[in-house]
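Structure, as structure tokens:
No experiment lies behind these values; they were computed from the predicted model shown.
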Amino acid sequence: MAQQAYMTETDTGGSGPERRTSRLRRLLDRLTRGWRGDRRIWRRGLVLAACAALLSLVMLAHAHIPNRVGNLGSLLETFLPWLGLFVPLLLLLALFRKSATALVATVLPAMVWLNLFGGLLTDKTAPGGDLTVATHNVNAQNPDPAGTARDVAAAGADVLALEELRASEVPTYEKALAATYPHHAVVGTVGLWSKYPLSDVQAVDIRLGWKRAMRATVTAPAGQVAVYVAHLPSVRVKLAAGFTARQRDKSANALGEAIAAEALKNIVLLGDLNGTMNDRALHAVTSQMRSTQGAVGSGFGFSWPASFPMARIDQIMVKGAEPESSWTLPATASDHLPIAARVKITAPDD
């Protein structure tokens with residue numbers, strides 16, 4: 001009786017579950033129609049299989065693609081995760097061509113991509129931490145600096161770094177953030193706002209000729225932290241010159257040297273580095289620091305452009321301190337998204 005009540009009669013006279021099974025079988029039959037008995041399924045699609053192999057090789061050996069011509073290697077590494085979009089495209093083309101060879105070959109780039117970026121698909125955030133930090137490139141052409149300041153202050157960070165500050169707009173940011181952050185310092189076009197006292201504030205020479213990086217000691221309840229704020233030079237994609245980033249690369253090396261010479265154990269770097277963690281040009285920095293997004297974030301955390309984020313060029317990195325969670329904040333009037341992280345300050349003798 002119970003089975004009869006469950007097996008609802010359909011207009012074809014069959015039961016519900018049986019009908020669903022037959023539909024699935026018909027769908028599979030349509031997908032594989034023309035494959036059975038076709039001796040050419042292993043001969044077709046050799047070009048697609050070669051493309052799949054090439055895609056795998058590019059992702060595996062991206063660090064060996066030279067920068068001599070238009071900084072092609074760095075350009076590729078900036079958008080490296082997006083190469084994964086070619087995997088479903090190759091899969092669809094393999095199905096269209098009815099090529100078993102291409103289908104099998106597509107597995108290879110899928111596995112390579114998952115090996116490189118699969119860890120970013122999971123949520124690794126955890127509760128805890130002593131200090132919440134945030135950074136935001138506010139955009140020199142920001143039409144609403146006061147609103148942007150209020151938006152990022154609402155995120156509740158203990159320490160907030162701002163980049164691309166116009167001198168004429170600094171008083172606006174100072175006024176909007178004064179109630180939340182009693183301590184602040186501005187050096188050139190970057191600034192640091194803090195709920196805790198700041199000391200040893202100084203410019204960091206990143207070999208630009210003007211000031212776009214700074215360092216300060218934040219005395220938080222859990223201990224002292226050396227906080228660096230940096231806005232590395234922009235990169236450009238030019239038709240004649242390719243991906244021009246020579247000045248950015250020199251500044252990254254100088255920033256890496258300054259961080260390597262830091263005396264305090266707990267170091268936090270906040271800023272717009274105009275490069276991703278995959279970009280070899282930032283090796284002087286990334287080789288000695290951990291990305292909070294890569295370690296404890298959820299997803300890719302793309303921050304630019306704000307209208308359709310395609311790359312995480314805004315970074316929070318730590319050395320000594322332990323990352324606990326990392327996330328992207330809602331959009332403001334800037335062309336970048338603000339980002340935040342929570343870190344645990346380690347004791348000097350740990």
Side-chain angles (χ1 to χ4, degrees), residues 67 70-80 133-142 160-166 185-192 202-216 226-238 241-262 267-294 301-306 309-319 328 334-339 341:
N67 263 341
N71 279 289
L72 181 60
S74 285
L75 177 60
L76 173 69
E77 288 165 338
T78 299
F79 301 102
L80 192 61
V133 297
T135 182
H136 190 27
N137 180 325
V138 296
N139 186 3
Q141 306 304 319
N142 192 315
L160 170 65
L162 300 181
E163 304 87 46
E164 210 167 294
L165 293 168
R166 287 176 61 186
V186 175
V187 175
T189 61
V190 297
L192 189 65
Q202 56 189 280
V204 176
D205 182 10
I206 55 172
R207 299 170 193 162
L208 268 178
W210 68 96
K211 296 174 181 177
R212 283 177 50 152
M214 64 177 288
R215 177 239 182 252
V227 177
Y228 286 75
V229 184
H231 183 195
L232 297 187
S234 300
V235 296
R236 298 286 184 267
V237 180
K238 299 179 180 178
F243 189 63
T244 58
R246 183 174 301 174
Q247 185 58 63
R248 189 278 312 265
D249 300 351
K250 289 170 58 179
S251 293
N253 292 336
L255 179 61
E257 292 170 7
I259 291 170
E262 174 58 51
I267 307 171
V268 175
L269 170 61
L270 306 168
D272 174 6
L273 303 190
N274 272 306
T276 67
M277 292 297 294
N278 295 312
D279 191 340
R280 74 195 72 174
L282 301 183
H283 179 75
V285 176
T286 58
S287 62
Q288 57 179 319
M289 305 192 80
R290 299 173 67 191
S291 162
T292 57
Q293 184 67 26
F302 294 148
S303 63
W304 177 87
M310 296 185 66
R312 186 180 178 88
I313 63 174
D314 302 276
Q315 306 291 349
I316 299 177
M317 299 187 205
V318 294
K319 181 178 180 180
T328 302
S334 172
D335 58 341
H336 290 242
L337 294 178
I339 60 175

Close side-chain approach of [X] to [Y], heavy-atom, < 4.5 Å:
X: Trp304; Y: His336; result: yes
X: Glu164; Y: Thr189; result: no
X: Asp335; Y: Pro305; result: no
X: Ile206; Y: Leu232; result: yes
X: Val229; Y: Thr135; result: no

Test of understanding: with side chain to side chain donor-acceptor pair (under 3.5 Å), list the residues that count as partners of [X], not counting sequence neighbours.
X: Asn139; result: none
X: Arg215; result: Thr217, Glu262
X: Thr276; result: none

Please round to the nearest 0.5 Å and tell me the distance separating atom [atom1] of [X] and atom [atom2] of [Y].
X: Gln288; Y: Ile259; atom1: CD; atom2: CD1; value: 5.5 Å
X: Thr286; Y: Met317; atom1: OG1; atom2: CE; value: 6.5 Å
X: Leu282; Y: Met289; atom1: CG; atom2: CE; value: 12.5 Å
X: Leu192; Y: Glu163; atom1: CG; atom2: CD; value: 10.0 Å
X: Ile339; Y: Arg312; atom1: CD1; atom2: CZ; value: 4.0 Å
X: Met214; Y: Gln202; atom1: CE; atom2: CD; value: 9.5 Å

Which atom of [X] lies closest to which atom of [Y], heavy atoms considered:
X: Phe79; Y: Ala311; result: CE2-CB, 4.3 Å
X: Pro309; Y: Ser303; result: CB-N, 4.2 Å
X: Asn274; Y: Arg248; result: O-NH1, 2.5 Å
X: Lys211; Y: Ala203; result: CD-CB, 4.1 Å
X: Thr292; Y: Ala341; result: OG1-CB, 3.6 Å
X: Ser334; Y: Ala306; result: O-CB, 3.8 Å

Sequence neighbours left out, what passes side-chain contact (heavy atoms from CB on, under 4.5 Å) with [X]? Give chain and number order.
X: Asp205; value: Arg207
X: Ala230; value: Ala213, Leu255, Leu269, Leu273
X: Ser291; value: Met277, Gln293, Gln315
X: Glu77; value: His62, Ala63, Ser74, Asn278, Asp279, Arg280

Notebook entry, point to check: Can Leu80 and Leu76 be said to form a side chain to side chain contact (heavy atoms under 4.5 Å, CB included), step by step?
Noted result: CA-CA 6 Å; Leu80 192 61; Leu76 173 69; 4.3 Å; yes
Margin query: Using side chain to side chain contact (heavy atoms under 4.5 Å, CB included), reason through Leu337 and Asp314 one step at a time and then give a plain yes or no.
Written below: CA-CA 8 Å; Leu337 294 178; Asp314 302 276; over 6 Å; no
